[in-house]
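Encoded as structure tokens, the structure appears first; notes follow it.
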Amino acid sequence: MELLKVYGELDWKKLTRNVLIPVVGGSIIGFLANRNTQKQYAKLKKPSFSPPGATFPFAWTALYTIMGVANYRVEMKQPSQWKDTAISLYDVQLGLNFLWSFLFFKWNLRGTALIEMTILLGAIAMTAYEFNQADRIAGGLMVPYIGWVMFALVLNYSTWKLNK
């Protein structure tokens with residue numbers, strides 16, 4: 001519970017909003033981008049280290065939740081020189097995150113998705129840096145997300161190369 005308290009009392013309304021936007025948004029995007037693409041994806045050659053498909057919804061739900069908590073912590077901070085930049089970068093990286101699913105799954109633009117994910121990783125790193133400037137815990141909460149996206153980048157690259 002202490003992880004969620006920034007100044008005094010916990011603001012449940014803001015915390016709920018900050019967590020639900022990425023979790024629900026990611027679920028909707030995942031549904032829309034992956035609808036009617038399962039058979040096509042199943043036919044792709046995948047690298048040996050590709051996790052089972054059932055892994056992804058659980059991983060993303062956990063990551064989106066952690067991201068939401070990190071964003072909440074930064075949003076709850078007293079005004080600082082980093083807060084506005086950090087929240088703007090967070091919004092940009094979340095939009096890029098949502099776009100990737102369409103590029104890779106819906107539109108089959110795996111090379112473009114790879115380039116976009118590289119930009120996404122940079123945006124996440126900048127967000128984590130700015131979050132860390134505003135709140136060290138929030139910055140630290142972004143580290144698992146960076147790790148997962150680095151893994152996803154290698155997975156995207158490998159899948160793209162195997163299916164050129």
Taking atom [atom1] of [X] and atom [atom2] of [Y], what is their separation to the nearest 0.5 Å?
| X | Y | atom1 | atom2 | value |
| --- | --- | --- | --- | --- |
| K106 | L99 | NZ | CG | 14.0 Å |
| L114 | I119 | CG | CD1 | 10.0 Å |
| L120 | I115 | CG | CD1 | 13.5 Å |
| W160 | T112 | CH2 | OG1 | 9.5 Å |
| L96 | L121 | CG | CG | 11.0 Å |
| L15 | Y72 | CG | OH | 5.5 Å |

Do [X] and [Y] make a side-chain contact, defined as non-hydrogen atoms from C-beta onward lying under 4.5 Å apart?
| X | Y | answer |
| --- | --- | --- |
| I29 | F102 | yes |
| R73 | L141 | yes |
| L153 | M150 | no |
| E116 | L109 | no |
| P51 | L155 | yes |
| T159 | F104 | yes |
| L63 | P144 | yes |

Any side chain to side chain donor-acceptor pair (under 3.5 Å) involving residues 146-158? Give me the pairs, sequence neighbours left out, ordered by first then second residue.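 As it turns out, the side chain to side chain donor-acceptor pair (under 3.5 Å) pairs with a partner in residues 146-158, which skip direct neighbours, are W100-N156.
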
Do F56 and L103 sit in one hydrophobic cluster, given that two such residues count as connected whenever their side-chain heavy atoms are within less than 4.5 Å of each other, even indirectly?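 The answer is yes; both residues are in one hydrophobic cluster.
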
Decide whether I146 and I137 are clustered together by the hydrophobic rule: side chain heavy atoms of Ile, Leu, Val, Met, Phe, Trp, Tyr closer than 4.5 Å, transitively.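 Linked within one cluster.
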
Can you confirm whether more than 12 heavy atoms, excluding those of F49, are under 6.0 Å from its CZ atom?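 Atom CZ in F49 is crowded, with more than 12 foreign heavy atoms closer than 6.0 Å.
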
Could you check whether W60 and Y64 have their ring centres less than 6.0 Å apart?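 Under 6.0 Å, so yes.
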
Do we get K77 above F131's six-membered ring, with its NZ or CZ under 6.0 Å from the centre and within 45° of the axis?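 No, a cation-pi geometry is absent between K77 and F131.
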
Nearest heavy-atom neighbours spanning [X] and [Y]:
| X | Y | result |
| --- | --- | --- |
| M142 | A128 | CB-CB, 3.7 Å |
| S50 | Y41 | OG-OH, 4.4 Å |
| A138 | D135 | N-OD2, 2.7 Å |

Would you mind writing out the side-chain donor-acceptor pairs for residues 84-93 within the sub-3.5 Å range, not counting sequence neighbours?
unit_1 : atom_1 : unit_2 : atom_2 : d
S88    : OG     : D84    : O      : 3.0
Q93    : OE1    : Y145   : OH     : 2.5
Q93    : NE2    : Y90    : O      : 3.1

Which ring pair (Phe, Tyr, Trp, His ring centres under 6.0 Å) pairs, counting each pair once, include a residue from residues 14-35, with sequence neighbours left out?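 Not a single pair qualifies under ring pair (Phe, Tyr, Trp, His ring centres under 6.0 Å).
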
Between T127 and M67, does the side chain to side chain contact (heavy atoms under 4.5 Å, CB included) criterion hold? Intermediate values first, please. CA-CA 10 Å; T127 302; M67 289 165 49; over 6 Å; no

What residues, two or more places apart in sequence or in another chain, satisfy side-chain contact (heavy atoms from CB on, under 4.5 Å) together with K45?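 With neighbours one apart ignored, the set is L162, N163.
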
Can you list the steps and then say if K13 with T16 is a side chain to side chain contact (heavy atoms under 4.5 Å, CB included)? CA-CA 5 Å; K13 186 177 177 181; T16 301; 6.0 Å; no

Linking Ile, Leu, Val, Met, Phe, Trp and Tyr through side-chain heavy atoms less than 4.5 Å apart, which residues share a cluster with Y129?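 Y129 shares its hydrophobic cluster with no other residue.
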
Report, one line per pair, each donor and acceptor closer than 3.5 Å where one atom sits in a side chain of residues 17-24; sequence neighbours left out.
unit_1 : atom_1 : unit_2 : atom_2 : d
R17    : NH2    : E75    : OE1    : 2.8
R17    : NH2    : E75    : OE2    : 2.3
N18    : OD1    : N71    : ND2    : 2.7
N18    : ND2    : K14    : O      : 2.8

